[in-house]
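Please read these numbers as outputs of a predicted model, since none were measured by experiment. Letters A, B, ... mirror the listed sequences (proteins, then strands); counts begin at 1.
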Number of protein chains: 2
Amino acid sequence: MTEPGLRERKKQGTRAALARATLDLAVEHGLAAVTVEQIAARAGVSYRTFFNYFSGKEEALLRPDGGDATFGPHLRDQDPALPVLEAARRAMRAQLQAFDEDQESWRQRLAVLAAAPEALPRVLEIGSTGEREVADAIAERTGQDVDGDLYPALLAAVLGAAFRVSLGRWHALGETRPLAALFDEAVDVLAAGLPAPRTH
Amino acid sequence: MTEPGLRERKKQGTRAALARATLDLAVEHGLAAVTVEQIAARAGVSYRTFFNYFSGKEEALLRPDGGDATFGPHLRDQDPALPVLEAARRAMRAQLQAFDEDQESWRQRLAVLAAAPEALPRVLEIGSTGEREVADAIAERTGQDVDGDLYPALLAAVLGAAFRVSLGRWHALGETRPLAALFDEAVDVLAAGLPAPRTH
DNA sequence: CAGATTTCTTGCACACCGTGCAATCTTTCA
DNA sequence: TGAAAGATTGCACGGTGTGCAAGAAATCTG
């Protein structure tokens, strides 16, 4: 647990500056209209350097901290007596912390995305990168094979789906309800086997 | 219901030729190594024309027929007495017909994808394009609002997830079991509320 | 059938993306 | 303080995707 050191701190600074520049410019002009060159310029680094940190604008927007894989650890922290689904739900909720801690930024990010349908592919990819990790962690917990057995991949994919839908609603509802609550609601429906809703 | 006409037939021909060229070249060299220029050349049209039909290689590979939106109609065909989930499952299965009718092509397509992780973003996008349509159709059936209510978007997303996972397994299992059976199995798990699997 | 009209194709130009490579500068460590 | 490790940068290159305008082909009309 040695402290960061100048080198590491500088890297974090650059990454943060790039992520920030991306967000600001995207809010200002829309993601599509922003070029990597502009982002690099505002962050005070060269065009080329941008790609040392991110694979493209979308990643800079949506993964400002790089891909810290945290679901696995979170899942392992859960009480082994819990059913997988419940354990996974709690592990996922722990991840949602990031949103609560940085609400204003995420509100902006989602607004940018809502206005940038072209960005969808990359966005989804970024979401699905984590899915693999989630599936692995679930397989570990259930003692199954992530490639052979259905359950781990299915649950991971479904959790991802629930997450995306919740995120969409969070934004659509004007952030009036906490993301965690919306996610919980979705998982409740899943746990109940997707019963037909009472139409009003 | 007038018959196609020369113009329309030619368009279909070009589209098919482009899709075919894409598949063949991708099988031969890998998707990443194939350029749009090569595809166009093999199909006997100009580079520029390719983009009149597809937005990129991935779409040419995965949507050879353009986006024929069929889920909505299929869902409307289902007995109104059925629960939504069951109706949606059947509508989805009707869609899977395409795979059975053209197994060999799809086997190749999936093999290409398995070897082309870079293509993931686009692939997912294409999958999610249909998801919107699915959500709309479900909302119509349940009499809900696709933007306000949770259920339609959630079920659509979850069905998409089940489909992708099934497709992955279909390929991983060497196509020994029909896709529809794998999909059914996944939906059964969903309908049961994702109970913890019996570990073996 | 001829001419007008609609629709598709094509070439050109252009801005941008993403990457390999090699030179250079900076931090770290011994 | 000098060598090793790591980051930044410029350069060059092939590829993508799009707007535009000219041309070719199919369709419609009288």
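- The pair B:Glu104-B:Arg107 meets the salt-bridge criterion, since a charged nitrogen lies less than 4.0 angstrom from a carboxylate oxygen.
- The distance between atom NZ of B:Lys11 and atom C1' of C:dT10, rounded to the nearest whole Å, is 16 Å.
- Checked for salt-bridge contact, B:Asp188 and B:Arg89 meet the test: a charged N lies under 4.0 Å from a carboxylate O.
- A sub-4.0 Å separation between OP1 or OP2 of C:dT26 and a side-chain N or O of A:Lys10 is absent.
- Counted within 6.0 Å of CZ on B:Arg93, heavy atoms from surrounding residues, nucleotides or ligands total more than 12; the atom is thus considered enclosed.
- Non-hydrogen atoms lying under 4.0 Å from DNA chain C are contributed by B:Val45, B:Ser46, B:Arg48, B:Thr49, B:Asn52, all within residues 37-52 of chain B.
- Toward the 5′ end of DNA chain C lies the nearest nucleotide of A:Thr35, the other residue of the pair A:Phe54 and A:Thr35 mapping further downstream.
- Using cut-offs of 30° and 60° for the angle between ring planes, the A:Phe50 and A:Phe54 rings count as tilted.
- Picking from D:dG6, C:dT7, D:dT8 the nucleotide with the shortest atom distance to the side chain of A:Arg7 gives D:dG6.
- The shortest distance between side-chain heavy atoms of B:Trp106 and B:Leu179 does not fall below 4.5 Å.
- For the residue pair A:Glu37/A:Thr35, the side-chain donor-acceptor check at 3.5 Å is not satisfied.
- Rounded to an integer number of Å, the gap from B:Arg9 CZ to C:dT7 C1' is 16 Å.
- When the side-chain nitrogen and oxygen atoms of B:Tyr53 are compared with OP1 and OP2 of C:dC8, none of them lie within a distance under 4.0 Å.
- We find that CZ of B:Arg15 is positioned 15 Å from C1' of C:dT9, with the value rounded to whole Å.
- Counting to the nearest Å, the P atom of D:dT8 and the CD atom of A:Glu8 are 11 Å from each other.
- Taking atom CG on B:Leu25 and atom P on D:dG15, their separation rounds to 14 Å, with Å as the unit.
- In this structure, B:Leu18 atom CG and D:dG17 atom P are separated by 14 Å, rounded to whole Å.
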